[in-house]
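The structure under discussion appears below in the form of structure tokens.
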There are 2 protein chains.
Amino acid sequence: MLSQQIKRPSLHEELVERLRSLVVEDGLKPGEKVPEKELCETFGVSRTPLREALKVLASEGFVVLQANRGARVAQITREELENTFPVIAVLEQLVGEIACERLDTEELAWIEQRHAAMVAAFRARDRKAYFQANQDIHQALLRGTRNDILEGHHKLLAARVRRARFMANLSDERWTQAIEEHETMMERLRARDAQGLGAVMKQHMMNKHAAHMAALDRSEQAPEET
Amino acid sequence: MLSQQIKRPSLHEELVERLRSLVVEDGLKPGEKVPEKELCETFGVSRTPLREALKVLASEGFVVLQANRGARVAQITREELENTFPVIAVLEQLVGEIACERLDTEELAWIEQRHAAMVAAFRARDRKAYFQANQDIHQALLRGTRNDILEGHHKLLAARVRRARFMANLSDERWTQAIEEHETMMERLRARDAQGLGAVMKQHMMNKHAAHMAALDRSEQAPEET
DNA sequence: AAACGTAATTATGAATTCATAATTCAGTCA
DNA sequence: TGACTGAATTATGAATTCATAATTACGTTT
């Protein structure tokens, strides 16, 4: 059957997506109140589906609901970051272990290609291209696990962290280290060493964690701008 | 300040809890359609908050929403189980590693006490008491991590699996093995061996996984009852 | 009698309305 | 002039209403 399965994302699902993007991509700043009315007009919908979407966003942790006081964009505290990274790290480990065994040659080729692009971007100090290639690789590995549960939970956590957006303050030192780690990852992947790849990916994430926390320390010491 | 923080769970949150319980505790069978109207009367609320709750439940994976066809209780497929257990396993590992380092003496004492109760229940072949003590222990370890993110994701996944409810078909052989694994866990915990405890807890979950899948195979071979 | 098509009924998604809690603003008093 | 009280405004949570999609029931036709 050629069931095209007409996808009609039912409005409220659409809204969840768009609102989450707004929050993650920083269209709405942390702590800011979410203006129901305004968003209703922007999206051309009534309050009911929008509020349904906000409930979902709240359960995912992107907004917080205060009784009779509406929704605010969730603040990411330092503690939450400290708690989140280790969880992502063990999920990454699992991603490595599983993907290593399930990736087909086509996927492997794609990853090789993106890895090459990433290295090239690093040499050219092209942050944008680097991040894109980097994301492509992690995305491919994640998809390669064929594990929707793992993928779903990983994506949620990653989105929460992405909001912190430390991209700008990637030190050259850390950048070099990250590239080296990726080289090791590719090596383990080519060798189909599942345990090895898992271990490297976990460590990769923990190092990223350390780098981010250090960057956060620096920015906290720096004078506040408002 | 003695801010008692008056908890008013805002109706829809209350509903999420109660509906989730209904699903997890098997008040609504998998595949069954969720009767909005009926539930509205049961809980004495209108459709709006109930539907908000359903959206949240859907994002958590407990129900599936079909366009213009309402909600059905999610089926747990074999594939989903196969996908879920490894994720829980690595989270358990992390729980072990972290809890091992953060548990205070009081929490440790409670775990020792519940462990003793669990062993006693095993000797008496008292399934109910066994499961309760077992759950208390895992709960205490989870709480002991002081990591809300880890706790939240673990609980969601655990709830999803609990619905499969293989409790009845715990073989005597597997039961014995589980007790032995718990003895090892306590040993590692007393020694404050974080890596060791993590490894044992991961393996414990993977063994549980294997046992459950085997039980599932047996029940699938058995004649269907409808 | 079986199968198809059409009308009636029901249920669902979304908009609107309503009651109430929170916030803002003005006026009063110290 | 500043702080407090209370009314007016606004925003929120929840109920209700409305339009439409889906299901069921019925009648017709072969």
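Letters A, B, ... mirror the listed sequences (proteins, then strands); counts begin at 1.
What separates NE2 of A/H12 from P of C/dG13 is a distance of 9 Å, to the nearest Å. Atom NZ in B/K55 sits roughly 11 Å away from atom P in C/dT12 (whole-Å rounding). B/L65 places its CG atom 18 Å from the P atom of C/dA11, with the value rounded to the nearest Å. Here D/dA14 presents its P atom at 4 Å from CG of B/L11, a figure rounded to the nearest Å. Atoms NZ (B/K33) and C1' (C/dT10) sit 12 Å apart, rounded to a whole Å. Atom P of nucleotide D/dT10 and atom CG of A/N68 are separated by 18 Å, given to the nearest angstrom. Computed from coordinates, the A/L15 CG to C/dA15 C1' distance equals 14 Å when rounded to whole Å. Summarising the geometry, the separation between CG on A/L54 and P on D/dT12 is reported as 10 Å, rounded to the nearest angstrom.
Legend: residues meeting ring-ring contact (aromatic ring centres under 6.0 Å, His included) with A/W110, ordered by chain and number and at least two apart, are absent. Residues passing the salt bridge (Lys or Arg N to Asp or Glu O under 4.0 Å) test with B/R146 are B/D104, B/E107, sequence neighbours excluded. Under the salt bridge (Lys or Arg N to Asp or Glu O under 4.0 Å) criterion, A/E101 pairs with no residue at all, not counting sequence neighbours. For B/E82, the salt bridge (Lys or Arg N to Asp or Glu O under 4.0 Å) partners two or more places apart in sequence, or in a different chain, are B/R78.
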Pair A/K155-A/E151, salt bridge (charged side-chain N to carboxylate O under 4.0 Å, His left out): steps then yes or no
CA-CA 6 Å; A/K155 278 194 170 165; A/E151 194 178 347; 3.3 Å; yes

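Within residues 39-52 of chain B, the residues approached by DNA chain C to less than 4.0 Å at the level of any non-hydrogen atom are B/R47, B/R51, in residue-number order.
Between its two ends, the helix from C/dA1-D/dT30 to C/dA30-D/dT1 turns its axis by 0°, counting five pairs per end and rounding to 10 degrees.
Looking at A/E80 and B/I149, their side chains come closer than 4.5 Å, going by heavy atoms from C-beta outward. Side chains of A/Q93 and A/E97 form a contact here, defined as non-hydrogen atoms less than 4.5 Å apart. B/V23 is not listed as a side-chain neighbour of B/V34, based on a closest heavy-atom distance of 4.5 Å or more. Residues A/E36 and A/L50 have side chains in contact (heavy-atom distance under 4.5 Å, counting atoms from C-beta outward).
The listed nucleotides are C/dA11, D/dG13, D/dA11; the one nearest the side chain of A/E36 is D/dG13.
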